[in-house]
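Note that the coordinates shown come from a computational prediction; the quantities given were computed from them, not determined experimentally.
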Amino acid sequence: MVAILGYSPQQITQAVQGMYRAVADSPDAGFHFPVGVDACRRLGYPPDRLAGLPSALLESFAGVGYPFRADAIHSGDRVLDIGAGAGVDSLIAGQRVGAKGRVIALDLTDAMTRKLYRNARRVGADNLRVIQASAEQLPLPDASIDSITSNGALNLVPNKRRAVNEMFRVLTPGGRLQLADVVIHRPVSVDCHEDPRLWVECVVGATIKENLLALFADAGFRNIEVVGQHDYFAMSPSAQTREVAASFGAYAIEVAMRRGDKAPSMARQWLRRLDPRRWLLTWRRRGLLGLVALGLALLSCYGTLALVGLLPLLGLGLALNEGAWAMTIAAFVLMTVVTLAVGVRRHRHVGPTMLAALGSAVILYALFVDYRFWWEFSGFIALTAAVLWDLRRRRRREAGLLGLD
């Protein structure tokens with residue numbers, strides 16, 4: 001396949017709908033993810049919970065975990081199942097809430113909602129209501145739901161922050177949320193992330209675990225706890241999917257949390273989002289630390305030179321310790337080399353590291369042995385070329401695993 005940039009969220013949504021329409025209409029067709037009652041059992045659904053559920057719904061089950069491990073649904077609750085799919089979790093939730101409770105099964109795919117509606121009526125699930133809608137715009141009043149369950153849906157939503165904020169809005173203060181979803185250890189690059197055909201692979205739309213939990217914390221959820229995790233993709237019948245999942249460190253988690261009394265202020269949310277620790281973690285996982293270190297090296301070298309040249313024009317002076325200046329430049333240069341050396345594990349090519357080592361050696365020679373501007377400048381050119389080469393190798397490796405090259 002070839003990645004095509006510029007797709008809209010609507011086109012991504014259409015690709016996801018097409019896949020799960022096939023799961024609803026032709027569950028035996030064969031998919032890259034586990035489907036059916038066997039998947040339920042392997043994910044930990046107790047046999048007594050599955051007993052009595054319509055076989056037509058069980059065959060189209062496509063969840064990624066057992067969210068009920070979080071025990072968020074109680075008798076008499078008003079429950080919302082987001083991304084209900086075939087409705088296995090909706091019917092189990094209906095059993096838990098009893099006659100005094102009610103369940104709203106919400107899904108984006110028309111074929112799934114039709115299938116669930118027909119079969120729910122056949123088994124007399126009178127406390128179940130089925131609606132077709134998006135998780136990004138829940139058609140429910142504020143504080144109208146006691147508990148939410150979701151299984152493998154959020155990783156398929158383009159605007160996850162909006163969906164999480166919608167969950168917070170419809171839950172009552174103190175309301176409970178249980179979630180099973182796919183997370184990854186290393187983020188997917190932008191070019192792959194924007195191809196709608198890859199969203200149905202589950203991995204491409206997934207989020208780093210810490211970032212996913214932070215989305216809920218930013219929105220005002222509390223008592224966030226991971227109650228289970230497992231290698232969901234080991235169950236995939238597709239060898240390529242298993243390889244792709246392994247390359248990004250993809251797995252499934254089950255999470256429990258509660259809604260706070262009120263949403264944090266916008267200022268507080270932005271302060272959390274601008275936490276430098278988040279940025280550092282993101283840069284490291286995206287393989288951008290080499291670029292950051294290079295930028296700091298260039299800034300400490302030529303940025304300082306520019307500052308020294310400009311200050312006298314403003315009538316200001318700067319006492320520069322040349323030894324400390326050289327050591328700062330050297331530290332960032334060596335940091336760049338180290339980050340590229342770490343990248344060898346990702347793309348299995350030593351070329352960028354060797355070029356970076358050569359460039360850094362030239363820079364260090366110019367700084368501490370015999371300074372020549374053109375020596376120093378050529379060293380930085382080599383170091384820059386090495387960083388860009390490393391990024392290209394990482395992206396090519398990623399594209400190859402996703403079948404894009």
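Interatomic distance, OG1 of T384 versus CG of L355, reported as 9.5 Å (0.5 Å rounding). The line from CG of D181 to NZ of K209 is 13.5 Å long, rounded to the nearest 0.5 Å. Considering CZ of F61 and CG of L50, their distance stands at 8.5 Å, rounded to 0.5 Å. The CZ atom of R118 sits 9.5 Å away from the CG atom of L57 when rounded to the nearest 0.5 Å. The line from CG of D38 to CG of L58 is 11.5 Å long, rounded to the nearest 0.5 Å. Expressed to the nearest 0.5 Å, how far CG of N127 lies from CD1 of I104 amounts to 11.0 Å.
Side-chain contact between V64 and N151: present, with at least one pair of heavy atoms (C-beta onward) separated by less than 4.5 Å. Side-chain atoms of L334 and L364, non-hydrogen and from C-beta on, do get closer than 4.5 Å to each other. A heavy-atom distance below 4.5 Å is found between the side chains of E254 and H230. With a 4.5 Å cut-off on side-chain heavy atoms, L340 and W389 do not count as touching. Residues P46 and Y66 form a side-chain contact, since some pair of their non-hydrogen atoms from C-beta on lies under 4.5 Å apart. The side-chain heavy atoms of F216 and L154, taken from C-beta on, include a pair separated by under 4.5 Å. The shortest side-chain heavy-atom distance between M235 and L43 falls under the 4.5 Å cut-off. Side-chain atoms of S134 and E166, non-hydrogen and from C-beta on, never get closer than 4.5 Å to each other.
Just one of T113, L138, L106 meets the side-chain contact (heavy atoms from CB on, under 4.5 Å) condition when paired with I131; it is L106. Exactly one of V226, N223, I224 qualifies for a side-chain contact (heavy atoms from CB on, under 4.5 Å) with M257. That residue is I224. When each of R78, H74, R176 is tested with D146 by the rule side-chain hydrogen bond (donor to acceptor under 3.5 Å, both in side chains), just one qualifies, namely R78.
Between the side chain of Q178 and the main chain of A72, a donor-acceptor pair closer than 3.5 Å is present. With T207 contributing its side chain and L212 its backbone, the two residues share no donor-acceptor pair below 3.5 Å. Although no hydrogens or angles enter the test, the distance criterion places no donor-acceptor pair under 3.5 Å between the side chain of S147 and the main chain of V79. When atom types are taken as modelled, the side chain of K115 and the backbone of A56 share a donor-acceptor pair closer than 3.5 angstrom. Between the side chain of D77 and the backbone N or O of G101 there is no donor-acceptor pair closer than 3.5 Å. A donor-acceptor pair is defined here as one N or O able to donate and one able to accept, closer than 3.5 Å; such a pair exists between the side chain of K160 and the backbone of V157. Looking only at distances, a side-chain donor or acceptor of D107 sits under 3.5 Å from a matching main-chain atom of T109. Checked by atom type and distance alone, the side chain of S236 pairs as donor or acceptor with a backbone atom of H32 at under 3.5 Å. Looking only at distances, a side-chain donor or acceptor of R259 sits under 3.5 Å from a matching main-chain atom of D261. For R393 (side chain) and V350 (main-chain N/O), no donor-acceptor pair under 3.5 Å exists by modelled atom type.
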Worksheet item: Could you go step by step and tell me if T149 and R96 meet the side chain to side chain contact (heavy atoms under 4.5 Å, CB included) rule?
Response: CA-CA 12 Å; T149 185; R96 287 200 170 193; over 6 Å; no
Item to complete: Would you sort out whether Y20 and L108 count as a side chain to side chain contact (heavy atoms under 4.5 Å, CB included), showing the intermediate values?
Response: CA-CA 9 Å; Y20 288 92; L108 190 63; over 6 Å; no
Discussion item. For E376 and Y302: C-alpha separation, side-chain torsions, deciding distance, then whether side-chain hydrogen bond (donor to acceptor under 3.5 Å, both in side chains) applies.
Written reply: CA-CA 11 Å; E376 178 188 76; Y302 301 114; 3.1 Å; yes
Worksheet item: Please walk me through it: do V333 and F380 pass side chain to side chain contact (heavy atoms under 4.5 Å, CB included)?
Response: CA-CA 9 Å; V333 165; F380 273 113; 4.2 Å; yes
Fill in: L53 and Q95: CA distance, side-chain angles, deciding distance, side chain to side chain contact (heavy atoms under 4.5 Å, CB included) verdict
CA-CA 11 Å; L53 297 184; Q95 296 170 0; 3.7 Å; yes
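Side-chain contact, D89 with Y45: a donor N or O sits under 3.5 Å from an acceptor N or O.
Minimum heavy-atom separation, F31 to P237: O-CG, 3.0 Å. Nearest heavy atom pair, residue T328 against residue S300, reads CG2-CB, 4.1 Å. Taking each heavy atom of P352 and A386 in turn, the nearest pair found is O-CB, 3.3 Å.
Ion pair R242/D231 not flagged as a salt bridge, since none of the NZ, NE, NH1 or NH2 atoms sits closer than 4.0 Å to an Asp/Glu carboxylate oxygen.
For CH2 of W375, the number of neighbouring non-hydrogen atoms (other residues, nucleotides, ligands) closer than 6.0 Å is 12 at most. Applying the 6.0 Å contact sphere to CZ of R161 captures more than 12 heavy atoms from other residues, nucleotides or ligands.
The aromatic rings of W374 and F377 stand perpendicular to each other, their planes meeting at an angle above 60°, with 30° marking the opposite boundary.
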